[in-house]
There are 4 protein chains.
Amino acid sequence: MVKNSTLRAHVEAGILRVAATVLAERGDKASMADIATAAGVARATLYRYFPSRDALVKALTEAALADLHDRITDARLDEVAPDEAIARLTRAVVAATHEYRALALFGEEHGAEELKERLLGPLRDQIERGVREGRFRADIPPDVLFALYRGIVEGGVSQVMSGRLGAEQASAAITTVFLNGTLTEAT
Amino acid sequence: MVKNSTLRAHVEAGILRVAATVLAERGDKASMADIATAAGVARATLYRYFPSRDALVKALTEAALADLHDRITDARLDEVAPDEAIARLTRAVVAATHEYRALALFGEEHGAEELKERLLGPLRDQIERGVREGRFRADIPPDVLFALYRGIVEGGVSQVMSGRLGAEQASAAITTVFLNGTLTEAT
Amino acid sequence: MVKNSTLRAHVEAGILRVAATVLAERGDKASMADIATAAGVARATLYRYFPSRDALVKALTEAALADLHDRITDARLDEVAPDEAIARLTRAVVAATHEYRALALFGEEHGAEELKERLLGPLRDQIERGVREGRFRADIPPDVLFALYRGIVEGGVSQVMSGRLGAEQASAAITTVFLNGTLTEAT
Amino acid sequence: MVKNSTLRAHVEAGILRVAATVLAERGDKASMADIATAAGVARATLYRYFPSRDALVKALTEAALADLHDRITDARLDEVAPDEAIARLTRAVVAATHEYRALALFGEEHGAEELKERLLGPLRDQIERGVREGRFRADIPPDVLFALYRGIVEGGVSQVMSGRLGAEQASAAITTVFLNGTLTEAT
DNA sequence: TATGAATGAGTGTTCATTCAT
DNA sequence: GATGAATGAACACTCATTCAT
């Protein structure tokens, strides 16, 4: 049954989608029962697809990161200036995060370290490049810039997730505030 | 024993300090046992001081917010321009947050709503004032600016808490990035 | 599986039976762990069937009272003289109490007030009827007679539960002592 | 300090009195804290007088039984007929039980076995004597008569404790029902 | 001596996970 | 393959009891 693996993949993806939503809504205190119910399956069935809570979370993380990976790869970051690269990255991250409600991905929690590094890397790289090329201010260490950027992104995504902002608007706001700050010309 | 109440207050404060650290580190999954152990007391003793988990969290929230309240009051925000006000607020928030590891304060979770509003209010106010007075860009709604600001602050504080940055440095970075962005003049 | 609900009901009833015994033996200090162990299930399983201690006690109460209700209804009390009614009631109460070890039912403790009233009512009624009809002594208020009757029944049931007496013997003893006292004719 | 032991005895007696009340009201679920508070002393002080819960209960039991013992001794049971003996015993038991709220004394629970036996003995003895002498019905075993008697007494005492009946009335009702039953002559 | 403080051993309850159908 | 049932390992909280002042 060639179809089997495909079917299973579909169910898996569906569960992951639901799980992402539930975890985003109820936070880490969402129980497996909550997720199973929301997904319309029995708890034991949920365990058939993901043999443990960790496995589920890891799968969720990987899916989100894979999605993000694709978007970043598509962005051809090296072909544009660092600020445009930041703009593209921001759009990619906002879109992926919104898609998977996976805000927490940036945290230290869950496995998938290699994958995560593969993704956080480009972000870091672009900022470092910008500093190196003199486009970004050098008075703040790149690490800090990166941390602040992550913060802004989380703030912007939270606006998207609460429905107060569209993904495009949020991306623009994040990008422009990070790049240009909030003051008017007069500064 | 006049000292008694003071002594108790000291122990209480000590436990709160430890609890703040533990909760910041392990998150909501830190158990009362964890906190008690970290504080060097038996679980039952912890319950002597805070009769329930909620009471502990609430006390923690209130202590942190009261601390922050004092700092903000001291800052005389209305007597300076919005950007200087932001600078002072940032310093106050970073210091208080670092002191109490109370990152979560900005979240929606725990009670103490009135107090929290009393504190989030000034932040919001300053941003709105800045927009109104033409110091801050008007192309991004104040709400969004506020959310992004919250995000940057969280990012900066995380740097402080991990020891990679001093409070003063972090405050400066947060402020300057929020106000001026990351691009060099050439933009 | 039509059987499923029935099976669950059987298990429930079994647990209730055991719980009644344990609670009767160890009193209110019997823990849920005690009950679960006695029932041969894990504590968590006990909670599957009765989500809280209160729920268990309430279910137990209701089962016993329902049983007693049936027996009393079957007794057609109004069709016989008060003393025969007392005899029948006594047999019903002894049997039901023995069955469910539910001595405590007569206490004030647990919910199921309406049901309880439906059951204590007939007892009270028969005694009052007996007094009204001149069959029972009028020099003792019906309330008191009722209280004494309850006491005798509890005494008799304790004999049954400790195995020193059969239900039928106990019922007869209770009835005859209550109705005729312990003195020989000569009185 | 000769007075010391006397003073201590007074405090002890006072605590016992309060403890009897509290235990009667709240049952076995009354905590040491409850008792200490009701007695107006700190928990630790309560423990100074009674080094454990069991010790307190045992002391309470012994006090009640000693009181009862005195009353029974005063009753000169052997000098009167069994039915009069029952009447006197009933008055003694009701009074003592009411005094100490010590209904539970008849139970199997707490130590003080020898003392208890010294007291339950006379009750049993009188009933057996009554049977032997042909005053009490012989168709019910003395053990059972005794159990039923205990039940009636408990029922009557509960009326006294709830204030619905005076001790004298209750004693009379208990005695006459036990001896003569509830039916009118016509039986 | 009297007491506030500290604590170990439970209790009720929940939840992730396994098993039998 | 899907599910209801069962369970062990926590967790929040309580209480009888001990200790230091």
Side-chain angles (χ1 to χ4, degrees), chain A residues 1 4 7-8 11 28-36 39-57, chain B residues 1 3-5 7-8 11-12 28-37 39-57, chain C residues 1 3-5 7-8 11-12 15 28-37 39-57, chain D residues 1 4 7-8 11 28-36 40-57:
Chain A
M1 298 300 163
N4 261 346
L7 211 168
R8 180 177 179 99
V11 175
D28 256 1
K29 71 191 176 246
S31 72
M32 291 298 266
D34 291 340
I35 294 170
V41 300
R43 273 221 304 300
T45 305
L46 177 56
Y47 275 92
R48 182 160 288 285
Y49 284 89
F50 303 97
S52 77
R53 185 178 230 272
D54 276 0
L56 172 64
V57 170
Chain B
M1 301 304 158
K3 279 292 184 58
N4 260 347
S5 67
L7 212 165
R8 182 180 177 97
V11 175
E12 237 178 77
D28 258 0
K29 70 188 175 251
S31 73
M32 290 299 264
D34 291 340
I35 294 170
T37 301
V41 299
R43 239 170 41 259
T45 304
L46 178 55
Y47 277 94
R48 248 189 90 62
Y49 285 89
F50 304 98
S52 74
R53 184 177 231 273
D54 276 1
L56 172 64
V57 170
Chain C
M1 299 308 155
K3 279 291 182 63
N4 260 347
S5 67
L7 211 165
R8 179 180 180 99
V11 175
E12 238 178 76
I15 290 179
D28 258 0
K29 70 186 175 252
S31 71
M32 290 297 266
D34 292 339
I35 295 169
T37 301
V41 299
R43 230 159 64 257
T45 304
L46 177 55
Y47 276 94
R48 245 189 93 62
Y49 284 88
F50 304 97
S52 74
R53 185 178 231 274
D54 276 0
L56 172 64
V57 170
Chain D
M1 298 301 167
N4 260 347
L7 212 166
R8 180 179 178 98
V11 175
D28 256 1
K29 71 188 174 245
S31 72
M32 291 297 266
D34 291 340
I35 294 169
V41 300
R43 269 218 311 296
T45 305
L46 178 55
Y47 275 93
R48 182 160 287 285
Y49 285 89
F50 304 98
S52 76
R53 184 177 231 273
D54 276 359
L56 172 64
V57 171

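- Between the base of F/dT7 and the side chain of C/R48 there is no donor-acceptor pair shorter than 3.5 Å.
- Between A/V41 and C/V41, the residue whose closest nucleotide on DNA chain F is further toward the 5' end is A/V41.
- Annotation for C/A55 and C/P51: closest pair CB-CD, 3.9 Å, computed over non-hydrogen atoms.
- Atom CD of C/E12 and atom P of F/dA5 are 11 Å apart (whole Å).
- Remark on DNA chain F: of its neighbouring residues C/G40 and B/A44, the 5'-side contact belongs to C/G40, judged by nearest-heavy-atom nucleotide.
- Rounded to whole Å, the distance from CE on C/M32 to C1' on F/dC13 is 16 Å.
- A/I35 contributes atom CD1, which lies 11.5 Å from atom CZ of A/R43 (distance to the nearest 0.5 angstrom).
- With rounding to the nearest 0.5 Å, the separation of CD1 in C/I15 from CG in C/L56 is 8.5 Å.
- Take the nearest nucleotide of DNA chain E for D/L46 and for C/D34: the residue whose nucleotide is more 5' is D/L46.
- Between atom OH of residue A/Y47 and atom CE of residue A/M32 there is a gap of 4.0 Å, rounded to the nearest 0.5 Å.
- For the pair D/I35 CD1 and F/dC15 P, the computed distance is 12 Å after rounding to whole Å.
- To the nearest angstrom, P of E/dG10 lies 16 Å from CZ of D/R53.
- Of the candidates E/dT11, E/dT3, E/dT7, E/dT11 carries the atom nearest the C/S31 side chain, counting heavy atoms from C-beta on.
- At a cut-off of 3.5 angstrom, the base of E/dG10 holds no donor-acceptor pair with the side chain of C/R43.
- For A/S52, counting side-chain heavy atoms from C-beta on, the closest listed nucleotide (E/dT17, F/dT7, E/dG12) is E/dT17.
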As a check on the pairing definition, encode DNA chain E in dot-bracket form, counting Watson-Crick and G-U wobble pairs whose two distances are under 3.5 Å, and using | for partners outside this strand. .||||||||||||||||||||
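- Across the interface with DNA chain E, nearest-nucleotide mapping of B/T45 and C/P51 shows B/T45 to be the residue nearer the 5′ end.
- When the P atom of F/dG1 is taken as reference, atom OH of A/Y49 falls 10 Å away, rounded to whole Å.
- For the pair C/F50 CZ and F/dA5 P, the interatomic distance rounds to 13 Å; values are reported in whole Å.
- For the atom pair CZ (B/F50) and CD (B/E12), the distance works out to 4.5 Å, reported to the nearest 0.5 Å.
- Between the OH atom of C/Y47 and the P atom of F/dA9 there is a distance of 18 Å, given to the nearest Å.
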